[in-house]
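As the structure is a prediction and not an experimental result, all values here were calculated from the model. Just the heavy atoms: all of them, side chains too, but no hydrogens, waters or symmetry mates, feed the values below.
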Number of protein chains: 2
Amino acid sequence: MTASPAEPPRLRRSADDRRAQLVRIGLELLPTTPVQELTIDEVARRAGISRSLLFHYFATKREYYTAVTRAAADLLWEHLLPRPGTSPEERVSGMLDRYVGWVETYRETHLAFVRGAAGGDPWVSEVYEETRGRLVEAALDALGLPDDARRRQLILAWFAFTEDLVGQWALEPTMSRDELLALLRDVLDRLSAR
Amino acid sequence: MTASPAEPPRLRRSADDRRAQLVRIGLELLPTTPVQELTIDEVARRAGISRSLLFHYFATKREYYTAVTRAAADLLWEHLLPRPGTSPEERVSGMLDRYVGWVETYRETHLAFVRGAAGGDPWVSEVYEETRGRLVEAALDALGLPDDARRRQLILAWFAFTEDLVGQWALEPTMSRDELLALLRDVLDRLSAR
DNA sequence: TCGGCTTGCTGAGCAACGCTCAACAAGCTA
DNA sequence: TAGCTTGTTGAGCGTTGCTCAGCAAGCCGA
């Protein structure tokens, strides 16, 4: 009853190739499955390998989905990172604009990332917090403001505000894109001025 | 090697008692364990019953932890709900004040609730969204503002802002309690005026 | 007091999943 | 072609969610 009449010859990949493939599969599954609920079985099946091999590359399931989360975080970070040479003013609005674009394009994946990050698992949360930390620094730098604990808190909270609002807006646009950007920018300016 | 020399006689509880006990145990475990990671084994052990009995009351594990989440949401809602007879002005500040108090007192449990709610599981998210919806209505009512989609989005996003900021503040107070309340109130007023 | 009924409750057991381990084999190198 | 490295597998174990047939606590009518 084996479906494939002629099994394709066993293919040996380099370690790096295999790791990259496994992480890529995890990223593909992200929109439909909360990171922590990825099953080794499913991933291995998609990669066409045995479950055991996955454990050769990632000692535990947690180590695996942390790697997937980190990959998602890196994609976001690279996309938001201001290009060198842009003026401080452009940097903030550019990042904000690119963030909205990111959510518009990868809404489900991004939501899955945020959810996975918010939801419980300390290892995943750490990756997320790390990214938020980097973003705060980039924002403070672009705004030309010193980095104190109070302002840091306010900007982090503003991220939460932004994430939530942009997520809702992408589903049901209650204002124009420009209005949204202006509103977010305005709230940020008022908060960071405090 | 059985610890208890004389097993206590098997005790029969009423269905309601048992359900309540199981939910209570879930709530007690919430601060230390993400809802979805509660194990039937652990809960049953704490209740002194067999795993099977838990499935008699809750058809699936998901049904169980959804009930636990709903119980947590109800506790929060009852605590925040403005007392009848208070003026609209007092209602908003009262709710805000009680919310901060709630986080101060039950920080871990509340964080666990929010995390569980944000994290993936649609059933749990639904309970959370329902509570947020009720809170928006209460807020709009107290503010004396009409209920349109745009404002709704803004207030929901403000909730995200508030949750995040109060959570951070409770860990590391970077301002006085009154300053925090004033800031939150100010942001809310500016947003809802838009 | 006793039989019978309801229903709270249990234990055995299955399937899925995370994870381990000993061993096989692809493919390079001497 | 022999030998070595290492990518890869299959068998199998413990835990956990879930099922099911059946036991027994406690109430009720006679």
Side-chain angles (χ1 to χ4, degrees), chain A residues 1-4 6-26 29 32-69 116 119-124, chain B residues 2 4 6-26 29 32-69 116 119-124:
Chain A
M1 284 289 270
T2 43
S4 53
E7 292 273 330
R10 197 154 119 197
L11 191 72
R12 254 173 104 109
R13 292 209 189 200
S14 79
D16 285 351
D17 265 19
R18 195 55 94 186
R19 282 187 82 94
Q21 180 203 21
L22 293 174
V23 168
R24 207 193 56 235
I25 290 175
L29 291 174
T32 56
T33 324
V35 220
Q36 319 171 31
E37 285 172 31
L38 292 174
T39 70
I40 295 313
D41 249 350
E42 172 75 3
V43 176
R45 208 180 46 71
R46 293 207 173 212
I49 61 172
S50 65
R51 266 164 297 149
S52 316
L53 189 56
L54 204 147
F55 285 107
H56 177 70
Y57 291 101
F58 304 93
T60 63
K61 185 191 176 182
R62 168 172 292 174
E63 197 173 312
Y64 172 63
Y65 65 59
T66 302
V68 173
T69 304
D121 193 301
W123 297 65
V124 176
Chain B
T2 42
S4 53
E7 292 273 328
R10 197 153 120 195
L11 190 72
R12 256 172 103 108
R13 292 210 189 198
S14 79
D16 285 350
D17 265 20
R18 193 57 91 186
R19 282 187 81 96
Q21 180 203 21
L22 294 174
V23 168
R24 206 194 56 236
I25 290 175
L29 291 174
T32 55
T33 324
V35 219
Q36 319 170 30
E37 285 173 31
L38 291 174
T39 69
I40 296 311
D41 250 351
E42 171 75 2
V43 176
R45 208 178 48 69
R46 292 206 175 213
I49 60 171
S50 66
R51 266 165 296 150
S52 315
L53 188 56
L54 203 146
F55 286 106
H56 179 69
Y57 291 102
F58 304 93
T60 63
K61 185 191 176 183
R62 168 173 293 174
E63 197 174 312
Y64 172 64
Y65 67 59
T66 303
V68 173
T69 304
D121 194 300
W123 298 65
V124 175

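C/dT20 atom P lies 11 Å from atom CD of A/E63, rounded to whole Å. Straight-line distance from the CD atom of B/E42 to the P atom of D/dG17: 11 Å, rounded to whole Å. For the pair B/L22 CG and C/dG8 P, the computed distance is 13 Å after rounding to whole Å. The separation between A/E37 atom CD and C/dG18 atom P is 11 Å, rounded to whole Å. Note: CZ (B/R19) to C1' (C/dT7) measures 15 Å, nearest angstrom. Whole-Å rounding puts the B/F58 CZ to D/dT16 P distance at 20 Å. Going from atom NZ of A/K61 over to atom P of C/dA16 covers 16 Å, rounded to whole Å. Here the C1' atom of nucleotide C/dC9 and the CZ atom of B/R45 are 19 Å apart, to the nearest Å.
Between A/R12 and C/dC28, a side-chain N or O to OP1/OP2 separation shorter than 4.0 Å is absent. Look at B/H56 and you won't find any side-chain N or O under 4.0 angstrom from OP1 or OP2 of C/dC9. Phosphate proximity of C/dC9 to B/R18: present, with a side-chain N or O under 4.0 Å from OP1 or OP2.
For B/A15, counting side-chain heavy atoms from C-beta on, the closest listed nucleotide (C/dC19, C/dG8, D/dT19) is C/dG8.
In terms of heavy-atom proximity, A/K61 sits nearest to A/F55 at N-CE2, 4.1 Å.
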Could you walk me through whether B/I49 and B/L22 pass the side-chain contact (heavy atoms from CB on, under 4.5 Å) test, one step at a time?
CA-CA 10 Å; B/I49 60 171; B/L22 294 174; 3.9 Å; yes
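Between the side chain of B/S52 and the base of C/dG11, a donor-acceptor pair under 3.5 Å is found.
Contact annotation for A/Y64: no contact, since no heavy-atom pair falls under 4.0 Å across all strands. Residue B/R51 is classed as a base contact, given a heavy-atom separation below 4.0 Å to a base. Among the heavy atoms of the strands lying under 4.0 Å from B/S50 is at least one base atom, whether or not backbone atoms are also near. Nucleic acid contact for B/S14: none, since no nucleic acid atom lies under 4.0 Å from a heavy atom of the residue. Within the nucleic acid shown, A/I40 comes within 4.0 Å of sugar-phosphate atoms alone, with no base atom in reach, counting heavy atoms only. Residue A/Y57 is classed as a sugar-phosphate contact, given heavy-atom separations below 4.0 Å to backbone atoms only. Using a 4.0 Å heavy-atom cutoff across all strands shown, B/L54 reaches no nucleic acid atom at all.
B/Q21 and B/R18 share a donor-acceptor pair across their side chains, judged by distance under 3.5 Å alone.
In this structure, A/R19 is positioned above the aromatic face of A/F58, its NZ or CZ under 6.0 Å from the six-membered ring centre and within 45° of the axis.
Looking at A/R46, its side chain never comes within 3.5 Å of a backbone N or O of A/I25 through a donor-acceptor pair.
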